[in-house]
Structure formats: structure tokens, C-alpha cells
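Values below: all heavy atoms of this structure, side chains included; hydrogens, waters and symmetry mates excluded. Order of the sequence lines sets the chain letters (A, B, ...), proteins ahead of strands, with each chain counted from 1. Only a predicted model underlies this, so the values are computations on that prediction, with no experimental measurement involved.
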Amino acid sequence: SQQGEEDPQALSIQEGENATMNCSYKTSINNLQWYRQNSGRGLVHLILIRSNEREKHSGRLRVTLDTSKKSSSLLITASRAADTASYFCATRTSGSRLTFGEGTQLTVNP
Amino acid sequence: DTEVTQTPKHLVMGMTNKKSLKCEQHMGHRAMYWYKQKAKKPPELMFVYSYEKLSINESVPSRFSPECPNSSLLNLHLHALQPEDSALYLCASSRPPGAAGGNEQFFGPGTRLTVL
């Protein structure tokens with residue numbers, strides 16, 4: 001079964017609002033990554049946070065990691081219509097394997 | 001060049017056909033991956049190659065046969081597929097485990113496969 005679970009499954013907001021997505025996982029990790037996927041396309045890496053980090057920023061993205069709760073959140077500030085996509089968290093435990101969560105479908109309405 | 005390319009973009013094949021999917025990257029990554037993705041689902045790992053050797057096979061049926069001819073190319077040979085194999089097939093590459101820097105994966109745009 002997938003390591004990560006995400007909520008909400010779907011999120012619809014207005015342009016300019018903030019979007020928060022959450023990810024929970026089950027086992028110890030080396031790092032946690034967030035990816036975006038536009039409909040029917042490949043995934044694009046957004047941000048990586050290591051297990052010894054608690055928060056990371058990249059542009060309008062803010063990621064937090066709580067290893068005691070085995071959870072992470074992705075915040076997108078000042079959302080744009082172009083942010084409409086599916087967002088997946090992925091955990092790396094060992095070796096090359098990434099395990100993806102079920103994903104959150106974000107819709108940003110103009 | 002930070003791009004992973006995949007060909008073809010779309011493929012329709014019958015259950016008796018033999019076809020191949022191709023993937024190429026020129027980022028010097030020594031780990032390459034095949035994923036299968038069904039609609040509204042996350043990618044499922046199929047195979048991992050590390051330094052051109054198969055390191056992970058996620059119990060994929062033998063009708064899928066991967067090949068890594070060199071450090072830039074990854075193929076997926078298809079034979080006697082079933083309709084339930086219809087999906088988006090994604091290729092990705094990354095630095096191998098233990099390499100300096102992050103191990104984020106770079107994905108190609110995928111091949112949309114339909115098996116009739």
C-alpha cells in the first residue's frame with residue numbers, strides 16, 4: 001500500500017487565496033518531496049525537505065515536516081489559476097524508491 | 001539540459017503486438033525509473049535501474065521487459081499486454097543513492113498507452 005496519505009483529496013479555491021495540503025506517512029523517512037502534475041502530464045519536482053528539517057520555503061511554497069507526527073504540509077500562497085494541478089507528496093525511505101501519496105487535486109478558480 | 005524525453009507520446013496496440021517505449025536523459029543521472037499511472041491515482045513504481053543495472057523490479061509481469069542500453073537510455077518492451085495495462089507510463093531519472101545533492105526525480109511527459 002502507499003506510504004503516504006493526503007488530504008484533502010480535492011480542494012477548490014479562488015485566485016489569490018492560500019491552499020494547504022497535508023500528507024501523512026507511516027514509517028521513518030530520509031526525506032519527503034512534493035511534486036505537481038498537470039493533467040495527463042509528467043510530474044514536476046517542487047521541493048524536498050530532509051528528515052532533520054522542519055520548514056522549507058521556495059517562492060510561494062512553504063513546506064513543513066513533523067517527524068513526530070509523521071506528517072507534512074504544503075502551503076501555496078497567493079494562488080493562481082496556473083497552480084491548478086494534482087499535488088503528490090512522496091517519501092524516500094532507503095535506496096532509490098519513492099513512495100507517492102494519493103494526491104490532492106487543486107482547482108484555483110479565476 | 002534538464003529534460004527527460006519519452007517517445008512515443010501516444011501508443012495504441014493490440015494484445016498480440018510487440019512495441020517499445022523509449023526514454024532519454026542527458027543530465028548524467030545514473031538512476032532511471034519506470035512508473036505506471038492510472039487515472040486519478042499516484043504513480044506506481046515498476047522498475048529501477050541504478051548504474052545501468054536493474055536494482056528494483058516491483059513484481060511486474062513478464063510481459064513488461066525493461067532494458068537500459070546505456071546511462072542515457074531506458075526502454076520498456078511490451079508484449080502480449082492486456083487491456084488493464086492501459087495507462088500513462090512515466091519515465092524518471094535522478095542521482096543515484098549516496099550521490100551528493102538531492103535525489104529528486106525528473107519526470108518525462110509520459111506515454112499514454114491504450115491496449116485494445
Side-chain angles (χ1 to χ4, degrees), chain A residues 1-11 21 23-25 29-53 56 58 61 63 65 74 84-107, chain B residues 2-7 9-10 23 25 27 29-58 68 86-99 101-114:
Chain A
S1 64
Q2 294 291 333
Q3 159 90 307
E5 295 181 2
E6 294 179 60
D7 80 275
Q9 288 187 337
L11 179 61
M21 289 160 266
C23 168
S24 61
Y25 56 93
I29 60 172
N30 288 330
N31 64 57
L32 186 145
Q33 304 175 31
W34 286 90
Y35 289 81
R36 183 187 75 227
Q37 184 177 33
N38 291 88
S39 180
R41 305 289 301 274
L43 281 75
V44 174
H45 179 264
L46 295 176
I47 196 164
L48 180 154
I49 187 165
R50 292 184 167 79
S51 59
N52 61 354
E53 296 176 311
K56 207 159 182 183
S58 176
L61 305 181
V63 169
L65 179 64
L74 171 68
T84 294
S86 293
Y87 291 81
F88 295 95
C89 68
T91 51
R92 180 185 166 219
T93 51
S94 62
S96 302
R97 182 184 278 109
L98 277 184
T99 305
F100 286 85
E102 292 295 312
T104 293
Q105 172 60 50
L106 173 66
T107 302
Chain B
T2 59
E3 191 179 19
V4 176
T5 59
Q6 288 187 246
T7 56
K9 291 184 180 177
H10 301 274
C23 174
Q25 57 87 16
M27 292 177 277
H29 290 163
R30 303 303 294 276
M32 296 186 76
Y33 312 78
W34 280 115
Y35 289 89
K36 173 183 177 180
Q37 187 179 28
K38 292 282 213 178
K40 299 189 185 303
K41 289 292 188 182
E44 296 176 29
L45 183 64
M46 300 174 72
F47 303 103
V48 180
Y49 274 82
S50 183
Y51 295 99
E52 295 86 70
K53 288 186 177 12
L54 184 64
S55 61
I56 297 176
N57 176 342
E58 293 286 84
C68 190
S86 297
L88 181 68
Y89 287 84
L90 294 163
C91 172
S93 71
S94 76
R95 299 180 188 88
N103 69 328
E104 60 266 35
Q105 294 186 11
F106 292 76
F107 282 80
T111 293
R112 175 71 60 189
L113 174 67
T114 302

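- With a 4.5 Å cut-off on non-hydrogen atoms, B/Gln6 does not touch chain A at all.
- With a threshold of 4.5 angstrom between heavy atoms, A/Gln9 does not approach chain B through any atom at all.
- Counting heavy atoms from C-beta outward, B/Phe107 and A/Arg41 have side chains that stay 4.5 Å or more apart.
- Interatomic distance, A/Phe100 CZ to B/Gln37 CD, rounded to the nearest 0.5 Å: 8.5 Å.
- Within 6.0 Å of NZ in B/Lys41 there are 12 or fewer heavy atoms belonging to other residues, nucleotides or ligands.
- Pairs of residues two or more places apart, or lying in two chains, that qualify as salt bridge (charged side-chain N to carboxylate O under 4.0 Å, His left out) and include a residue from residues 88-100 of chain A are A/Arg97-B/Glu58.
- Applying the salt bridge (charged side-chain N to carboxylate O under 4.0 Å, His left out) test to pairs two or more places apart or on separate chains, those with a residue in residues 48-57 of chain B are B/Arg30-B/Glu52.
- Contacts between A/Asn31 and chain B at a heavy-atom distance below 4.5 Å involve the side chain alone, from C-beta outward.
- Chain B forms the most heavy-atom pairs under 4.5 Å with one residue out of A/Val44, A/Ile47, A/Leu43, A/Asn30, and that residue is A/Leu43.
- With contacts defined as side-chain heavy-atom distances shorter than 4.5 Å, the pair B/Asn103/A/Leu48 qualifies.
- Between A/Glu102 and B/Pro42 the shortest heavy-atom distance is OE1-CD, 3.7 Å.
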